Structure formats: structure tokens, C-alpha cells
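Index from 1, following the sequence. Treat the numbers as computed from the prediction; the structure is a model and nothing was measured.
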Amino acid sequence: MRLKLKDMGKIEAAIVTGNTLAAHAGQAPGSGIRDPQNQDWRRLWRDSVTDPRELLTLVGLENLAESILPRLDTGFALRVPRGFVARMRHGDARDPLLLQVLPQAAELDDVAGFGFDAVGDLDALTATGVLHKYNGRALLVAIGSCAVNCRYCFRRHFPYAEETAAANHWREAIEHLRTDDSVEEVILSGGDPLSLSTAKLAELTSALAAIPHIRRLRIHTRLPVVLPERIDAELIAWLRGLPWPVAVVLHANHSNELDASVTAACARLRATGAALLNQSVLLRGINDSVDALAALSKNLFECGVLPYYLHQLDRVAGTAHFAVDDAAARALVEALRVQLPGYLLPRLVREIAGESHKTPL
Ligand code: SF4
């Protein structure tokens, strides 16, 4: 994981805050709801698989450890919840979920054109943990932690130790948003913003509610997919109480990620009135086929989620082996257009540093 030791203190603090608040026999803070799941997501988080050999053993591939695990540290540790591991096909070294999380020797390749800040995040920082790239929207890098470490992560080299908006009670982020009345929409990103305790999220939204030019809230999260237990009664109560229209943008790349627990989490989110969208990354060997992408769109819709973006891979060091060239990506989307109704066709885009919007391909 790209977490450094300094980050760990902040994460522990955020998680402990939530634990302390929820310590009263499952009482959801501020909600008056007893929630037996309340402690579960933190326990499941702590119980994640972090040892590549254990992961290979769990999926019946222990014999491959010597041949496929990198011999050097990739600098980005394995982390994956056990519920996500359970959705992997046993004995299949090409499983599309396994390949998203298992460290690979190819990550150590130095490939021209793949760098440490592929989408210009550092130039877009306007306050601690605040990225301002696009008109009317500001993105908060809320926290550096995620429940899963995706090997293709576009922020795997981001300096989270210095740049997390939740630090210092969100003070700098809130001050920036208060003084820039061009910002109508606040986007919570990370890391994964739902890795923060609900109390910490509520601290932010209480302050945002006092800023009249904020009109919408968007949450970018992979937690409903990889750790659906996070969508607990406390989080739902917080979402229901927000004063703005809310969009929750999930991140799933393959239909096998969407099991019954994810469907149930999406149903809980939809019941709050939030719009549910999904963005995927086009990944070689994982979802670069018409069948895989069509199944993903159809299954997302069955979960009440509309496909939004299909991203071309951000050219981040250590991820080149996932890249699909633009011509092949366009051909895939043209073939998908024949297969799917228009509302299930994601927009193929690339993020180009310095551009004022995502670039359609
Ligand atoms: S969930 Fe998103 S931010 Fe976290 S590791 Fe995966 S791609 Fe990166």
C-alpha cells in the first residue's frame, strides 16, 4: 500500500474515533439505531489479507508463489478484504479479481511514459488535500487509506502523508471552499473517503452545510464493492441527513465483483435517494473484452447503478502491464454500442493533466 508510517497514525485515529463512538453496544452515533453490523466493517478491515502467499493459498494457487510473486518490494503492499477474495475463482491464476490485487513482478518495470503524477494532481493542489481541476467542482483527497490496494491505482504514489483533507479537522479544506464561491460541488475522494469513520465524515458535512454556494456532494468510493459491510445503519443515517443531492460513484471493473452482498449494499444506498454511478478502468487481461464489459454494465444496472466512465489507464509507474492501446479501447466500445442500450454504455475517457475536463476518446 502507498501508506507510509506517518499515515497510519491518522488512519488509526479516524478509525478509533468511530470505534469510540460506536462502542456503546452497537449504538449508531447520533442515529438512535442499534446496529449489530456497526463494528463489523472495522473488524473485517483489520482482518484483510495482506500477505501475498496467504492470498495465493486461499485461492488454491500456493504452488505458484515462487514463480509469480515479485522478488523485490514493489513499494505498494497487498491489501484485500476476505469477502472480496471469496469472489475469486479457486485455482485460476487469471482470475480478474485476483489480478487486480496481487503484486506482480511487472510492476518493477521502468516503462517510458509512466510516471509518478500521471494526472497532474500535484499541480492542482490548492489547499491541503484539495484538488481543483474542473469548473465548479473541488475534490478532497479525504484520506490515504483504502480497503483494497488496486495494483493499477492512479494515486499509488500520491503524498498522502502531507496531503489529506481530513487532517486538522478539515480546517484548510473548509476554509478554501468557503472562500471560493465558484465551487458548487464537493467531491470526496482519496484513498477511499468511506474509510473514515462516519463521525469524521459528519464533521466535514456539518461545516459544508454552512457554506451557501455548495449545492451537491459526490462520493467516490470502492468500499461498497470491496467491503459492502461499510454501508451500515450509521452511514445510511448520515447520508439521509445531508442537505444536498448526493451522487455516489462506485468503482467496479468486472461483473464478478458484484455479488449478493454488493447488491444489498447498493439497495441500502439507493434507499437514501443518492444517485449511483460506476466508473471502471479498462485493464488488460481483466476486463478488455466485449463480453466482460457488457456483463459488467448489465450487472451494475441490476444493482441499480448506471455505468458512467470507462477510464483509459492513467500512466502511473508500475501499471504499464495493464494498459490497453487507444485503438483497441475504441474498438471495444464500438462493439459494446451494438450490444447494449445507450444508457448502459460507459463513456470512454482519458484524464490528461492540465485539461479542463476528461477527454472523450
Ligand atoms: S480504491 Fe481507488 S484510490 Fe484506493 S487503491 Fe483502488 S484505485 Fe486506488
Side-chain angles (χ1 to χ4, degrees), residues 1-8 11 50-52 55 67-80 94 96-125 129-131 133 139 141-164 189-192 195 220 222 226 251 253-254 279-288 309-329 348-355 358-359 361:
M1 192 171 186
R2 57 213 164 336
L3 282 177
K4 297 172 183 157
L5 279 177
K6 278 190 284 182
D7 292 317
M8 291 304 295
I11 294 153
T50 55
D51 177 353
L55 174 59
S67 57
I68 65 176
L69 294 179
R71 297 190 187 288
L72 298 173
D73 182 5
T74 63
F76 187 47
L78 169 77
R79 171 173 283 277
V80 56
R94 306 304 304 164
L97 278 55
L98 177 67
L99 292 177
Q100 291 183 53
V101 301
L102 185 70
Q104 304 277 333
E107 294 174 37
L108 299 165
D109 295 345
D110 187 8
V111 179
F114 285 75
F116 292 97
D117 184 22
V119 293
D121 277 351
L122 298 183
D123 285 341
L125 282 164
V130 180
L131 301 179
K133 293 183 178 179
L139 183 147
V141 179
I143 190 77
S145 55
C146 292
V148 66
N149 283 348
C150 311
R151 306 316 299 176
Y152 52 84
C153 180
F154 68 128
R155 291 206 179 110
R156 62 186 279 173
H157 306 292
F158 189 83
Y160 289 110
E162 296 83 37
E163 296 292 346
T164 52
S189 180
D192 197 311
S195 66
H220 284 194
R222 190 149 162 69
V226 301
H251 174 183
N253 301 310
H254 194 279
Q279 51 184 350
S280 309
V281 182
L282 184 58
L283 298 164
R284 177 146 55 105
I286 291 173
N287 60 7
D288 59 335
Y309 279 146
L310 176 61
H311 283 270
Q312 268 292 45
L313 183 80
D314 297 322
R315 294 185 172 114
V316 172
T319 69
H321 54 295
F322 289 120
V324 176
D325 70 50
D326 283 355
L348 178 67
V349 295
R350 180 188 295 290
E351 181 167 349
I352 298 174
E355 290 291 309
K358 301 280 194 310
T359 302
L361 293 178

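Put simply, the side chain of R284 gets close to the backbone of A323: a donor and an acceptor are under 3.5 Å apart. Checked by atom type and distance alone, the side chain of R155 pairs as donor or acceptor with a backbone atom of G190 at under 3.5 Å. The closest donor-acceptor contact from the side chain of Y152 to the backbone of L283 lies at 3.5 Å or more, if one exists at all. Judged by distance alone, with hydrogens and angles left aside, the side-chain atoms of S189 form no donor-acceptor pair with the main-chain N or O of L139 at under 3.5 Å. Between the side chain of D117 and the backbone N or O of L122 there is at least one donor-acceptor pair closer than 3.5 Å. When atom types are taken as modelled, the side chain of R222 and the backbone of H251 share a donor-acceptor pair closer than 3.5 angstrom.
Taken to the nearest 0.5 Å, the CG atom of N253 stands 4.5 Å off from the CD atom of Q100. The distance from the CG atom of L125 to the NZ atom of K133 is 9.0 Å, given to the nearest 0.5 Å. Here the CG-CG distance, from D325 to L313, works out to 12.5 Å after rounding to the nearest 0.5 Å. Rounding to the nearest 0.5 Å gives a distance of 10.0 Å between CG of L99 and NE2 of H254. Taking CD1 of I352 as the start and NZ of K358 as the end, the distance is 11.0 Å to the nearest 0.5 Å. Atom-to-atom distance recorded for D123:CG and L131:CG is 10.5 Å, nearest 0.5 angstrom.
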_From CA spacing to verdict: side chain to side chain contact (heavy atoms under 4.5 Å, CB included), H321, Q104_ = CA-CA 9 Å; H321 54 295; Q104 304 277 333; 4.2 Å; yes

*Derivation of the side chain to side chain contact (heavy atoms under 4.5 Å, CB included) call for L282 and N287*: CA-CA 6 Å; L282 184 58; N287 60 7; 3.7 Å; yes

_Please evaluate residues V119 and E351 with respect to the criterion side chain to side chain contact (heavy atoms under 4.5 Å, CB included), reporting the C-alpha separation (whole Å), side-chain torsions for both, the decisive distance (0.1 Å), and the verdict._
CA-CA 6 Å; V119 293; E351 181 167 349; 3.6 Å; yes

*What's the verdict on side chain to side chain contact (heavy atoms under 4.5 Å, CB included) for I68 and L102, showing C-alpha distance, side-chain angles and the deciding distance?*
CA-CA 9 Å; I68 65 176; L102 185 70; 3.8 Å; yes

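For the pair R156 and E107, the salt-bridge criterion is met [side-chain N within less than 4.0 Å of a carboxylate O].
In this structure, R350 and D326 approach most closely via the heavy-atom pair NH2-OD1, 2.6 Å. Nearest heavy-atom pair across P52 and L69 is CB-CD2, 3.6 Å. Heavy atoms only, all atoms of each residue included: P70 and L108 are closest at CB-CD1, 4.1 Å. In this structure, C153 and V316 approach most closely via the heavy-atom pair O-CG1, 3.8 Å. For the pair V101 and R151, the tightest heavy-atom approach, listed with the atom from each and the gap, is O-CD, 3.2 Å. A320 and F114 make their closest contact through CA-CE2, 3.5 Å (heavy atoms, listed as atom of the first residue, atom of the second, distance).
Contact of the D314 side chain with the T319 side chain is not registered, since no non-hydrogen atoms from C-beta on lie closer than 4.5 Å.
Side-chain contact, Q279 with H311: a donor N or O sits under 3.5 Å from an acceptor N or O.
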